Amino acid sequence: MSSPHDSSIPPGSTDWTTTPVTADLLRGALDVERTEHGVLPHRLPARARAQCADGQLAMAESQPSGVRVVFRTRATAVELDALRTKVAYQGALPRPDGVYDLLVDGRLAGQAGVTGGNVLMVDMATGSADTRPGPVGTVRFRGLPDRVKDVEIWLPYNEITQLIALRTDAPVEPVPDAGRSVWLHHGSSISHGSDAASSTTTWPALAASLGGVELINLGLGGSALLDAFTARALRDTPADLISVKIGINLVNTDLMRLRAFTPAVHGFLDTIREGHPTTPVLVVSPILCPIHEDTPGPSAPDFSSLAEGRLQFRAMGDPAEQARGKLTLTVIRDELARIVKQRAADDANLHYLDGRDLYGEADFAELPLPDQLHPDAATHRRIGERFAALAFAAGGPFAAERV
C-alpha cells in the first residue's frame with residue numbers, strides 16, 4: 001500500500017516535539033534495556049537472558065516481533081530514529097529489509113523502512129557470525145489525520161531494533177488500557193514471523209487482530225525448546241490467554257529424545273500453571289512440515305541451494321531412529337495429544353490444537369514451504385485466520401465466555 005511518508009522532506013521543515021521512548025510507550029516487550037544509543041526492547045526478561053548464553057536465542061528475543069510503540073496524539077508527522085541490526089547469510093541473496101507498520105486507530109495507514117544500521121553476517125557452513133557496524137536511520141510518516149488518534153508503530157520482527165528518538169509535530173501521551181484480553185503466545189520462528197510480509201501480518205498478529213486481543217509474542221526463532229527460563233517468563237507475565245506451540249525446533253535441533261520430551265512438556269506446563277492456575281492454555285502441535293514428519297533432525301542448510309543464492313533446508317536424520325526415541329513431528333503430535341488429554345482430566349482450561357488444522361497436506365500442495373521449513377506471507381495469513389476461527393470463535397478455547 002502507499003505510505004504517508006516522504007523522506008525527501010527535510011527534517012528541519014517541521015516544528016518537532018521530542019518524546020523519550022519509555023516503557024509506557026511500548027507494548028509487547030517484557031523488558032527494556034538502556035544502551036549507549038537508546039533503548040532496546042527485549043521479549044525475555046533479564047533473568048531469563050542471563051540463564052542462556054546461546055547466540056541464536058539472544059538474537060531472536062531481541063528481534064521485536066509484536067513489539068510496538070503506542071501513543072495518543074493529534075500529530076500529522078512522526079519520525080522514529082532507530083539503529084537496526086539486520087541478519088544476512090554468507091553466499092545467499094540479501095534478505096528483505098524489515099518493515100515498520102503504522103496503524104492509526106487500529107488500521108494500517110502506512111509502511112516504511114529504515115536505512116543504515118548494523119549487519120550481522122552469518123556463515124551457515126561454519127556457524128560463525130560477524131557484526132558490521134552502520135549508522136542510525138530514520139523512519140518517517142507524514143500526512144496523518146489532523147485529529148486526536150491512537151498511533152501504533154509496529155517494529156520489524158526480523159531486525160534487532162534500538163530506539164533512539166521519537167519526534168512528532170504535536171505532543172504525545174500514553175494510550176490508556178482499553179481493557180482488552182491479553183494473549184501470551186510462545187512458539188518457534190514460524191510464530192516469530194519467519195517470512196511474513198511485516199510484523200502486523202505474522203500469523204499471531206493477524207489472529208490477535210481478528211480475535212480483538214492484545215498480543216505478547218514470545219515466538220523465538222530456533223528457540224522454542226521447552227527451556228525452564230522461558231516457562232518462568234510465561235508464568236510471570238500477566239495474561240488472560242496463553243498458547244504454546246511446541247515441536248519443530250525440538251526436531252530440527254535434535255535436542256532431546258522422547259524419554260526427555262514427555263517430562264519436559266509436563267514441567268513446562270506445571271511452571272505456567274504456577275502463575276496462571278485457571279487461565280485458558282492452548283497447546284498447539286507443529287504445522288505440517290514434510291521433511292520432518294517421519295524423519296528426525298537435525299535440519300541442515302542445503303549448500304547446493306546456497307550456491308544458487310537461496311536457502312533451503314533438509315532433514316539429516318534416519319527414520320529408523322524413531323524406534324530408539326528420536327523425535328519426529330508425528331511422534332511429537334501423538335505425545336502432545338496424549339499429555340493434554342491426560343492433564344485435561346484435572347484441568348478443564350487446558351486444550352489441544354493439532355497444527356495440521358492450521359496448515360496441512362492440502363495447504364502444502366497449494367502453498368508449499370519455500371525453504372522446506374518456513375511459511376510465506378500468504379501462508380501466515382491462512383494460519384492466522386484459521387487460528388482465530390478455531391481459538392477465538394464461540395466454543396473455542398479462547399472464546400470470550402471462557403475468559
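Owing to the predicted nature of the structure, the values given are computational and were not obtained by experimental measurement. Note: hydrogens, waters and symmetry copies are ignored here, and every other heavy atom, side chains too, is used.
In summary, Arg333 and Glu293 engage in a salt bridge, as defined by a charged side-chain N under 4.0 Å from a carboxylate O. The pair Arg382-Glu385 does not meet the salt-bridge criterion, since no charged nitrogen lies less than 4.0 angstrom from a carboxylate oxygen. A salt bridge is defined here as a Lys NZ or Arg NE, NH1 or NH2 lying under 4.0 Å from an Asp or Glu carboxylate O, and Asp270 with Arg343 meets this definition. Salt-bridge check for Arg257 with Asp254: passed, with a basic side-chain N closer than 4.0 Å to an acidic carboxylate O. Using a 4.0 Å cut-off between charged nitrogen and carboxylate oxygen, Asp81 and Arg167 count as a salt-bridge pair. Ion pair Arg140/Glu79 flagged as a salt bridge, since at least one NZ, NE, NH1 or NH2 atom sits closer than 4.0 Å to an Asp/Glu carboxylate oxygen. A salt bridge links Arg132 to Asp130: one of the charged nitrogens lies within less than 4.0 Å of a carboxylate oxygen. Checked for salt-bridge contact, Asp363 and Arg386 meet the test: a charged N lies under 4.0 Å from a carboxylate O.
No side-chain heavy atom of Thr379 sits under 4.5 Å from any side-chain heavy atom of Ile287.
Judged purely by atom type and a 3.5 angstrom limit, Ser199 uses its side chain to pair as donor or acceptor with the backbone of Tyr157. Panel note: side chain His351, backbone Phe398; no donor-acceptor pair is recorded below 3.5 Å. A donor-acceptor pair under 3.5 Å is absent between the side-chain atoms of Thr115 and the main chain of Gly137, judged by distance alone.
Checked against the 6.0 Å centroid criterion, the rings of Tyr359 and Trp203 do not qualify as a close aromatic pair.
Screening Val70, Val175, Ile153, Thr19 for a side chain to side chain contact (heavy atoms under 4.5 Å, CB included) with Leu25, the sole residue that qualifies is Thr19. Exactly one of Gln162, Glu159, Gln63 qualifies for a side-chain hydrogen bond (donor to acceptor under 3.5 Å, both in side chains) with Arg84. That residue is Glu159. Among Ile246, Val340, Leu258, the single residue meeting the side chain to side chain contact (heavy atoms under 4.5 Å, CB included) criterion with Glu335 is Leu258.
The two residues Pro319 and Thr295 make their nearest non-hydrogen contact at CG-OG1, 3.7 Å. Minimum heavy-atom separation, Pro156 to Gly98: CB-CA, 3.7 Å. Contact record, His374 with Ser189: NE2-OG, 2.9 Å, taken as the closest heavy-atom pair. Taking each heavy atom of Arg142 and Ala77 in turn, the nearest pair found is CD-CB, 3.5 Å. Between Ser191 and Pro204, the shortest heavy-atom distance links the atoms O-CG, 3.4 Å. The shortest non-hydrogen separation linking Leu30 to Pro45 is CD1-CD, 4.0 Å.
Side chain to side chain, Thr76 and Asp169 meet the donor-acceptor criterion of an N or O pair below 3.5 Å. Of the N and O atoms on the side chains of Ser194 and His380, at least one donor lies less than 3.5 Å from an acceptor on the other residue. Checked by atom type, the side-chain pair Asp371/Gln312 shows no donor-acceptor distance below 3.5 Å. Side-chain contact check for Asp294 and Thr328: no donor-acceptor pair (N or O, by modelled atom type) lies under 3.5 Å.
By the neighbour-count criterion of 12 heavy atoms within 6.0 Å, atom CZ of Arg34 is sparsely surrounded, having that number or fewer from other residues, nucleotides or ligands. Annotation for Glu361: atom CD does not count as buried by contact number, only 12 or fewer foreign heavy atoms lying within 6.0 Å.
Take Asn118 and apply the side-chain contact (heavy atoms from CB on, under 4.5 Å) test, not counting sequence neighbours, and it matches Leu83, Thr85, Thr131, Pro133.
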**OP:** Carefully, step by step, assess Leu269 and Asp347 under the rule side chain to side chain contact (heavy atoms under 4.5 Å, CB included).
**Re:** CA-CA 11 Å; Leu269 295 175; Asp347 185 350; over 6 Å; no
**OP:** Starting from the C-alpha separation in whole Å, work towards a yes-or-no answer on side chain to side chain contact (heavy atoms under 4.5 Å, CB included) for Thr138 and Ile164.
**Re:** CA-CA 9 Å; Thr138 301; Ile164 315 302; over 6 Å; no
